[in-house]
2 protein chains.
Amino acid sequence: MTADFEAQLRAVSLRVTRPRLAVLAALRDHPHVDTDTVIRLVRADHPTVSHQAIYDVLRALTDAGLVRRIQPTGAVARYESRVGDNHHHVVCRSCGVIADVDCAVGSAPCLTASDDHGFVLDEAEVVYWGACPDCTTARTTSDPQGRKEAH
Amino acid sequence: MTADFEAQLRAVSLRVTRPRLAVLAALRDHPHVDTDTVIRLVRADHPTVSHQAIYDVLRALTDAGLVRRIQPTGAVARYESRVGDNHHHVVCRSCGVIADVDCAVGSAPCLTASDDHGFVLDEAEVVYWGACPDCTTARTTSDPQGRKEAH
DNA sequence: TCACTCTTCTGGAATGAATCAAGTTTTCAG
DNA sequence: CTGAAAACTTGATTCATTCCAGAAGAGTGA
């Protein structure tokens, strides 16, 4: 199983180290976790890994394209290892859980902004906000904000 | 001109104070600024306003729906006063400038995720990533990352 | 297999955005 | 005009993230 990760690292000419393999394994088993959780997960197997190493590894893997960094407004950075398959995220406003969502519309219309202001676009990122099933049933009576804003 | 802001505040039953009027004026004149810039802008007219007041005001206005908080991955929080008109943003990867973009597709398809996992969605937020005109011309030779990922 | 070199990791300190807390001032309803 | 709640000031604190210097480890060529 770690052989896959080793191959991934070598494919982007990154050195194969214990912390890097551990981070990749942690992200495979726990998608959408924040840095602190990654540190805890990695230390479960390798107690001596420094927090700085995790930050370095996450940055290196992100730069190499092996993991993706996501950061919904008002939350700390989270990482996931599912990359390159054009998917988006649903975020629960009350508990913060994140779930994957495949693109709603067909091929790649999201790259077509109505007016790109001369920007050269290379990616369109979509975040759906709402309430997860648990939080929805937990407060059936009131909707404190009651906002309803489409795209 | 401040009369408008006063009316806006009263409409959401917030008390009318100098710091709040100043923040609203600053955001009207400078969209997409971060908290620190808001502080500087406000202090240009009202030097005694504390940074804590700005944070409180921005939170109050955001909760009330008068301003919107945006936070592209890897950047500090920014605020804008244009709300309720369903628009998105283009962010330059190299210099960080933000521009407004009206929704690409028709009415409100973005609220329709392919699989909502039981979430009750209330908003879809889109961030377009790319290079602004200035940064595009500045580095015509190389594209260091070369990533190309559609939605 | 054995160094040699460059990358990566460790440990600790520092930065900076954002929040918390206590006390004072201001707004606004009555 | 007066009182109570909301908002603001000052100052300290938290927390995620980054910086730094030295030690350890990975990979290359002999």
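These numbers come from the heavy atoms of this one structure, side chains and all, not from hydrogens, waters or symmetry mates. Residue numbers begin at 1 in each chain, while the letters A, B, ... track the order of the sequences.
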Checklist entry - Do any side-chain nitrogens or oxygens of A:Y55 fall under 4.0 Å of OP1 or OP2 in D:dT17? => result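 The answer is yes; a side-chain N or O of A:Y55 sits under 4.0 Å from OP1 or OP2.
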Rounded to the nearest Å, what distance is computed from the [atom1] atom of residue [X] to the [atom2] atom of nucleotide [N]?
X	N	atom1	atom2	value
A:R59	C:dT7	CZ	C1'	16 Å
B:L9	C:dC28	CG	C1'	14 Å
A:I54	C:dT8	CD1	P	15 Å
A:H51	D:dT17	NE2	P	11 Å
B:D56	C:dT19	CG	C1'	9 Å
B:Q52	C:dT24	CD	P	17 Å
A:L58	C:dC9	CG	C1'	14 Å
B:H46	C:dT26	NE2	P	14 Å

Item to check | Criterion side-chain hydrogen bond (donor to acceptor under 3.5 Å, both in side chains) against A:E80, the qualifying member of A:H30, A:R69, A:H89 | outcome: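 That would be A:H89; it is the only one of A:H30, A:R69, A:H89 passing the side-chain hydrogen bond (donor to acceptor under 3.5 Å, both in side chains) with A:E80.
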Checklist entry - Would B:H117 and A:D100 satisfy side-chain hydrogen bond (donor to acceptor under 3.5 Å, both in side chains), going step by step from the backbone distance to the final call? => result CA-CA 9 Å; B:H117 292 271; A:D100 286 337; over 6 Å; no
Item to check | Nucleotide of C:dT10, D:dA16, D:dC8 approaching B:P19 most closely (side-chain heavy atoms) | outcome: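 Ranking C:dT10, D:dA16, D:dC8 by closest atom to the B:P19 side chain puts D:dC8 first.
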Next on the checklist: Quick check for you: among D:dG11, C:dC9, D:dT17, whose closest atom lies nearest to any side-chain atom of A:R69?
Outcome noted: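 So the side chain of A:R69 is nearest to D:dT17.
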Checklist entry - Counting only heavy atoms not in B:R82, do more than 12 fall under 6.0 Å of its CZ? => result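 Yes, enclosed.
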Next on the checklist: Between B:L27 and B:V38, is there a side-chain heavy-atom distance shorter than 4.5 Å?
Outcome noted: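 Yes; the side chains approach each other to less than 4.5 Å.
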Checklist entry - With a 4.0 Å cut-off, would you call B:R40 and B:D36 a salt bridge? => result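 Looking at B:D36 together with B:R40, the answer is yes, because their closest N to O distance falls below 4.0 Å.
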Item to check | Side-chain ion pair, B:R28 and B:D4, N-O less than 4.0 Å | outcome: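 Answer for the salt bridge query: no.
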Next on the checklist: So if I define the base as every atom that isn't primed, P, OP1 or OP2, how would nucleotides 23-30 of chain D read as a B/S/- string at a heavy-atom cutoff under 4.0 Å?
Outcome noted: --BBS---
Item to check | Sugar-phosphate, base or nothing in reach of B:A77, heavy atoms under 4.0 Å | outcome: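 Sugar-phosphate: the residue B:A77, judged by heavy atoms under 4.0 Å, touches backbone atoms but no base.
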Checklist entry - Between B:V49 and B:I39, does a side chain to side chain contact (heavy atoms under 4.5 Å, CB included) hold up when you go through it step by step? => result CA-CA 8 Å; B:V49 175; B:I39 294 176; over 6 Å; no
